[in-house]
Amino acid sequence: MFGDLPFENQGQIVPVLVPVAVAGPYSYKVPEDMQVRPGSIVRVPLGSRSVIGAVWDGEADKSVNPKKLKSIQQVFSADPLQEDLRRFVDWVANWTLGAPGMVLRMVLRSEEALEPEKQVLGFRRIPGKEPERKTAARQRVLDLLDDGMAWTKAGLSGAAGVSPSVIDGLKDHGVLETTLLPATPPLPDPDPTLPGPTLTDMQKEAAERLVAAVGNGFKCFLIDGVTGSGKTEVYFEALAEALRRGQQTLILLPEIALTSQFLDRFERRFGVRPAEWHSQVPARRRERTWRGVANGEVKVVVGARSALFLPFCSLGLAIVDEEHDGAYKQDDRVPYNARDMAVVRGHITGFPVILASATPSVESRVNAQLGRYDLISLPERASGAAMPELVGIDMRTDGPERGRWLAPSLVKAMQETLTAGNQVLLFLNRRGYAPLTLCRTCGHRFHCENCSAWLVEHRFRGRLVCHHCGYSQPIPDKCPECGKPDSLVACGPGVERIGEDVADLFPEARVLVLSSDLPGGTERIKREMDLIERGEVDIVIGTQLVAKGHNFPLMTLVGVIDADLGLANGDPRAAEKTFQLLAQVTGRAGRINGGGKGFLQTYNPDQPVIQALLSGNPESFYDVEIESREHAGLPPFGRLAALVVSGPDRVSAESYARHVVSVAPVDSPVSILGPAEAAMAQVRGRFRFRILVIARRGFDLQGFLRAWLQRVNQPKNNIRLQVDIDPQSFM
DNA sequence: AGCACGCCGACT
DNA sequence: GTCGGCGTGCTC
């Protein structure tokens, strides 16, 4: 197989990347009768077990004790990993501060995929041979085999409606012969020549820019297109070009968006379904896709973030849809953002990458502003329908009476919508009945025993539930503090409580309350969504579950119950996330037929998020966000392994980075608390880590870091820490 | 004594 | 990530 290798390496020592959290490859001997080269996928002994790794680039580590060296046990028949993929693995490891072997593990996910798929036994006719006795069953089998094609036994007996023994009989009589079939016939390629949809002028221009980039090396595009602008149709044209060039395409979607709807759309455009890649695809099919991607049989993969690590042999385009979506972030094991790593893979291999969103993330917008990405704007809906007209309701002046949650102007609009035979969506991103329960006699508040969060009343289930850790208890009939019966009051609304309001106001309407805790799970939610789509519901009250997915043709009014929700929780992305969520949910109004309206109930109509939504001009909002983040010292692009923080930003900072080395009290300028060992423990298994220090202006950061280094580098800690102060490196 | 569990270091 | 060694502490 490797007869034409440029070098002979039997008996030599080669570096092998193994799936353990160590800094680099281990060294292994190559047995006399074996040939490997960089990228070869091998089985090697490691400690008491045997693991799968890959021969890596460079020289084997000469300093390792030769007595320790073990031999490679086996070379898998799968093609060696290509050079660009190897460089990508190294790059991701370096960026995420993870071990390269752990990144490689994401490439080599299933051992079965590394050997050729088992062939299955097929049956076909021997030309000219007839059975001596022809029964009806035998005739049906022979009719099916008339065209000379081979069938599997199970397929044939099923199709002919006979028992498998009929086929055995025919074989014994010398009428049929067996042959080996590939376990699965290769799928037909997606067809780029099928007629696409008619594009608007704006879409056409965007598509042309993308098409021109395919095959011309790396370039990153950001498609900023409003809901309904036809982003998908536009990037499908680039995909068609990649297909015409015989190149592969990867489409990344957030896990939640991987619905059959997208696959249907793909099939309508290209005639076949693409290969799918996510955790719910059965192992068998995943193995097949892995092999197909490596040997070029699979042309298009639609997948979740892990699809980025597939061993494509001729990847020519990557598309990241909903690029702002947090589902692209992996938090456990190797922490990475698949959106950014897709850009890196494109850069290394040399192909264009398309990021698409109706509400781009702040960092992607920064990258577009800086000229790193090419911005493509699609500000209009492809159908010609106008974007919904959004209205803000100032709850301080135009709010509802006490104990009600819907402002009179929203109620009036709902009435009009229902009279016109259309649907209303009321959006409130809070499950349950009420977020806080307290005793009106003694003021006792119900806290979670485990995590001190407030317990959310779920009246339907009759329980108080902690949305943080899942703890729940029945709703008591008297206060546990003062013992007063019937003294508990629910404060604030959840979707269930809005449902109560709506039932009072619109007793005739068919109302559906939809949240992720709906009994019946995903299946039930799917069914309810279909119900809405068919127009069998008048008013939908939902959490963020209803923000994306299905299209509802009759939905022309969206009311946001609490547009301020989520803005005060200390997340540095709070404003950005709220903007994205509300843009998405209000974008549902009149998406298909136009004429939609949206109402935002708010206590602060002047804040940038609300202003950006109402004006339909997000630019200013993004500018504010970018500026405020730079001011706070938070990089738009994060690659932090550790974070040291002080001052009022500490809560935000905690949710910003996972590895918080230390958190200082709010009133101290900046400090690192606890022993250095504790700080180091946070980054165990890492060999380098980056630290972001957020300090007040005028603070002596250099002096602080010097002192910290001195403390950490005490001999007893057995640590050598160096700090390279380079604020630019975070960008 | 016997073993369950958790911590820690080694793995080429 | 996974395994084995070793210490602690609890039970038959």
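Only a predicted model underlies this, so the values are computations on that prediction, with no experimental measurement involved. Only this structure's heavy atoms are used, side chains among them; waters, hydrogens and symmetry mates stay out. Chain identifiers are assigned alphabetically (A, B, ...) following the order of the sequence lines, protein sequences preceding nucleic acid strands; residue numbering begins at 1 within each chain.
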Grab the CD-C1' distance between A:Q73 and B:dC11 for me, whole Å please. 14 Å
Please classify the nucleic acid contact of A:K70 as base, sugar-phosphate, or nothing, using heavy-atom distances under 4.0 Å. sugar-phosphate
Applying salt bridge (Lys or Arg N to Asp or Glu O under 4.0 Å) to A:K67 and not counting sequence neighbours gives none
Looking at A:M341 and A:V92, what are the two nearest heavy atoms and their distance? SD-CG2, 3.8 Å
Taking only residues two or more places apart in sequence, or in another chain, which ones meet A:P100 in a side chain to side chain contact (heavy atoms under 4.5 Å, CB included)? A:L17, A:D90, A:A93
Could you list the residues that satisfy side-chain hydrogen bond (donor to acceptor under 3.5 Å, both in side chains) with A:K68, not counting sequence neighbours? none
Taking distance alone, no hydrogens or angles, what donor-acceptor pairs closer than 3.5 Å link side-chain atoms of residues 41-53 of chain A to residues at least two apart or in another chain?
{"unit_1": "A:R43", "atom_1": "NE", "unit_2": "A:Q74", "atom_2": "OE1", "d": "3.1"}
{"unit_1": "A:R43", "atom_1": "NH1", "unit_2": "A:S50", "atom_2": "OG", "d": "3.1"}
{"unit_1": "A:R43", "atom_1": "NH2", "unit_2": "A:E111", "atom_2": "OE2", "d": "2.2"}
{"unit_1": "A:S50", "atom_1": "OG", "unit_2": "A:Q73", "atom_2": "OE1", "d": "3.3"}

Could you pull out all residues at least two apart from A:F309 that satisfy ring-ring contact (aromatic ring centres under 6.0 Å, His included)? A:F88, A:Y336
Please list, chain by chain and in numerical order, all residues satisfying ring-ring contact (aromatic ring centres under 6.0 Å, His included) with A:F266, sequence neighbours excluded. A:F236, A:F270
OP1 or OP2 of B:dT12 versus the side-chain N and O atoms of A:K29: is any pair under 4.0 Å? no
Under a 4.0 Å heavy-atom cutoff, the residues of residues 101-110 of chain A touching DNA chain C are A:M102, A:R105
Results of side chain to side chain contact (heavy atoms under 4.5 Å, CB included) for A:R445 - residues two or more places apart only: A:L436, A:L438, A:H447, A:W454
Stretch residues 46-65 of chain A: residues that reach within less than 4.0 Å of DNA chain B through a heavy atom: A:L46, A:G47, A:V64
